[in-house]
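Single-structure report; data block below.
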Amino acid sequence: MAGFQNFFVFIMLLILTANAFAQSRSNDDWTRIKDDKTDFSISFPSNFLVDNEVEKSYIMAPVLASLPELINTFEKPRIIGNKGSVVMSLSVFQLRQVSEAKNYLWYYVGGNSPQASYQDFRAGDFVGRKTTYDGDKTQSTSIAIAVKSKVFLIYASGKKEDAAIYEKFVTSLMLNGKPLFKTSTNSAPDAPRSVFVSNLQTSPEILEILNRKDDQPEVKVVKSALTAQKEDKPDLSFSRPLILLRKPMFDFIDIASKNRYSGLVKLKVNFLANGKIGDIEILSDASDDITKLAVRAAQKIRFLPAEIDGKKVDAAKTIEYAFNIR
């Protein structure tokens with residue numbers, strides 16, 4: 001009898017060990033995302049979200065006038081991943097009227113900052129820049145890559161304590177079949193699955209947010225009494241920070257036809273856990289008409305709420321509407 005009990009205990013231990021191993025594998029499961037037309041790939045945690053819906057929003061006319069070649073662009077899926085405190089994303093732009101996207105890479109790279117370090121690179125036909133911000137408790141990387149008529153935008157940010165996850169994502173980037181960045185302390189994640197960008201469909205969670213009706217209740221709008229505002233700092237308590245999906249521009253056409261105006265409206269917007277917009281604080285404003293339009297546009301922002309340990313929570317963020325109508 002004792003021998004049978006020992007055998008039974010042994011079998012149960014085997015089952016528990018196998019389940020624990022399977023669970024650890026699923027928790028560390030990654031998927032390699034491949035571009036269909038170029039030799040580009042990068043790995044995401046397999047719980048990634050996909051936004052493949054056409055963005056219906058206004059684009060400022062002066063931008064289009066100054067960059068006529070970029071008028072007709074097509075954005076393939078925006079992919080958003082989250083593991084630990086690390087948030088990562090990939091966006092792919094197809095410039096339909098441009099054969100050499102590298103000539104317009106500057107438009108996607110952004111300006112220089114004394115707090116950042118830069119690394120320009122070339123890998124075959126791929127040309128790009130890696131921008132790294134290294135703070136006391138957080139780090140972030142943005143990478144812009146051009147090849148033929150495509151631009152790839154890659155972004156990752158997270159707490160220093162999750163540096164291993166952060167580096168796994170960045171070092172998984174491969175161009176021409178070879179890893180672009182290497183580190184001595186970390187290796188690219190094993191990605192048992194792989195999918196092509198063109199096969200990705202919008203995730204149900206994001207689709208539900210984008211299709212939500214504009215039944216936003218009246219929000220409280222107040223004007224700040226502060227004369228100076230500090231920049232937003234990342235809230236380190238979030239396991240996933242607030243992620244903006246859509247930031248529609250206000251309908252400036254009627255205002256533009258009557259007035260020539262340049263200005264900036266800065267709003268502190270509360271993004272609620274239930275997916276709705278909360279109170280809005282006006283930090284800096286323009287004319288009454290322009291400010292009202294900016295507030296109205298902010299109320300139509302679509303977003304993924306911030307999370308703490310998987311639970312959705314409220315978060316606040318400063319939103320700016322800059323325009324130059326002449």
Side-chain angles (χ1 to χ4, degrees), residues 44 48-64 70-82 87-95 107-108 110 142 151-157 197 200-219 221 232 234 238 240-253 255 264-282 290-307 312-323:
F44 277 81
F48 62 84
L49 298 172
V50 180
D51 178 6
N52 196 21
E53 300 301 300
V54 176
E55 184 169 354
K56 301 176 179 67
S57 63
Y58 291 98
I59 302 176
M60 296 304 291
V63 173
L64 297 182
L70 296 180
I71 290 177
N72 195 4
T73 65
F74 178 73
E75 182 179 359
K76 290 194 173 182
R78 178 187 178 194
I79 304 164
I80 304 166
N82 175 239
V87 175
M88 50 207 89
S89 68
L90 166 68
S91 296
V92 186
F93 293 86
Q94 177 69 51
L95 310 186
Y107 178 72
Y108 299 94
S142 60
V151 174
F152 299 92
L153 296 184
I154 302 160
Y155 180 76
S157 66
V197 169
L200 297 174
Q201 301 297 320
T202 302
S203 301
E205 180 181 355
I206 290 182
L207 200 58
E208 187 276 329
I209 293 171
L210 297 181
N211 290 336
R212 189 173 294 163
K213 293 183 179 179
D214 287 326
D215 57 352
Q216 178 71 41
E218 288 295 323
V219 302
V221 180
D232 290 338
F238 294 146
R240 183 185 77 181
L242 167 75
I243 298 174
L244 301 186
L245 297 174
R246 297 289 186 272
K247 181 190 171 187
M249 295 296 295
F250 51 81
D251 188 354
F252 62 89
I253 297 175
I255 300 296
L264 173 70
V265 178
K266 187 180 293 187
L267 308 171
K268 187 172 184 179
V269 182
N270 285 288
F271 296 91
L272 305 182
N274 62 7
K276 295 185 180 295
I277 300 296
D279 295 346
I280 297 176
E281 183 179 6
I282 302 172
I290 292 287
T291 301
K292 287 178 181 178
L293 289 172
V295 169
R296 191 185 308 165
Q299 290 180 279
K300 295 182 179 181
I301 291 175
R302 295 289 188 267
F303 62 96
L304 288 169
E307 291 184 358
K312 293 179 173 58
V313 295
D314 299 347
K317 182 177 179 63
T318 300
I319 301 297
E320 295 184 356
Y321 290 96
F323 46 95

Minimum heavy-atom distance [X]-[Y], with the two atoms named:
X    : Y    : answer
A315 : F238 : CB-CZ, 3.7 Å
K312 : P305 : CD-CG, 4.0 Å
K247 : I319 : CE-CG2, 3.5 Å
A297 : P248 : CB-O, 3.5 Å

For [Y], is there any backbone N or O sitting under 3.5 Å from a side-chain donor or acceptor partner on [X]?
X    : Y    : result
T202 : N52  : yes
T318 : L267 : no
N270 : A316 : no

| task | With sequence neighbours left out, write down each residue that passes ring pair (Phe, Tyr, Trp, His ring centres under 6.0 Å) with F303, or none if nothing qualifies. | result |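 Counting only residues at least two positions away or on another chain, F303 forms a ring pair (Phe, Tyr, Trp, His ring centres under 6.0 Å) with F271.
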Can you confirm whether [X] sits close enough to [Y] that some side-chain heavy atom of one is under 4.5 Å from a side-chain heavy atom of the other?
X    : Y    : result
V313 : E307 : no
L244 : L304 : no
I282 : V221 : yes
R240 : V87  : yes
L264 : E320 : yes
P77  : V92  : no
L153 : R78  : no
R246 : E53  : yes

| field | I79 vs L200, side chain to side chain contact (heavy atoms under 4.5 Å, CB included): CA-CA, chis, key distance, verdict | value | CA-CA 9 Å; I79 304 164; L200 297 174; 3.6 Å; yes
| query | Hey, do the aromatic rings of F93 and F152 have their centres closer than 6.0 Å? | reply |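 F93 vs F152: aromatic centres not under 6.0 Å.
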Separation between [atom1] of [X] and [atom2] of [Y], rounded to the nearest 0.5 Å:
X    : Y    : atom1 : atom2 : result
N82  : F44  : CG    : CZ    : 11.5 Å
Y108 : S142 : OH    : OG    : 14.5 Å
E205 : L245 : CD    : CG    : 9.0 Å
D314 : D279 : CG    : CG    : 10.5 Å
K317 : I301 : NZ    : CD1   : 10.0 Å

| message | Under the criterion side chain to side chain contact (heavy atoms under 4.5 Å, CB included), I'd like the reasoning laid out for V269 against I277: C-alpha separation, chi angles, the key distance, then a yes or no. | response | CA-CA 7 Å; V269 182; I277 300 296; 3.7 Å; yes
| query | What's the verdict on side chain to side chain contact (heavy atoms under 4.5 Å, CB included) for Y321 and L293, showing C-alpha distance, side-chain angles and the deciding distance? | reply | CA-CA 10 Å; Y321 290 96; L293 289 172; over 6 Å; no
| message | Check this for me: does any side-chain nitrogen of one of D51 and R302 sit under 4.0 Å from a carboxylate oxygen of the other? | response |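 No salt bridge links D51 with R302.
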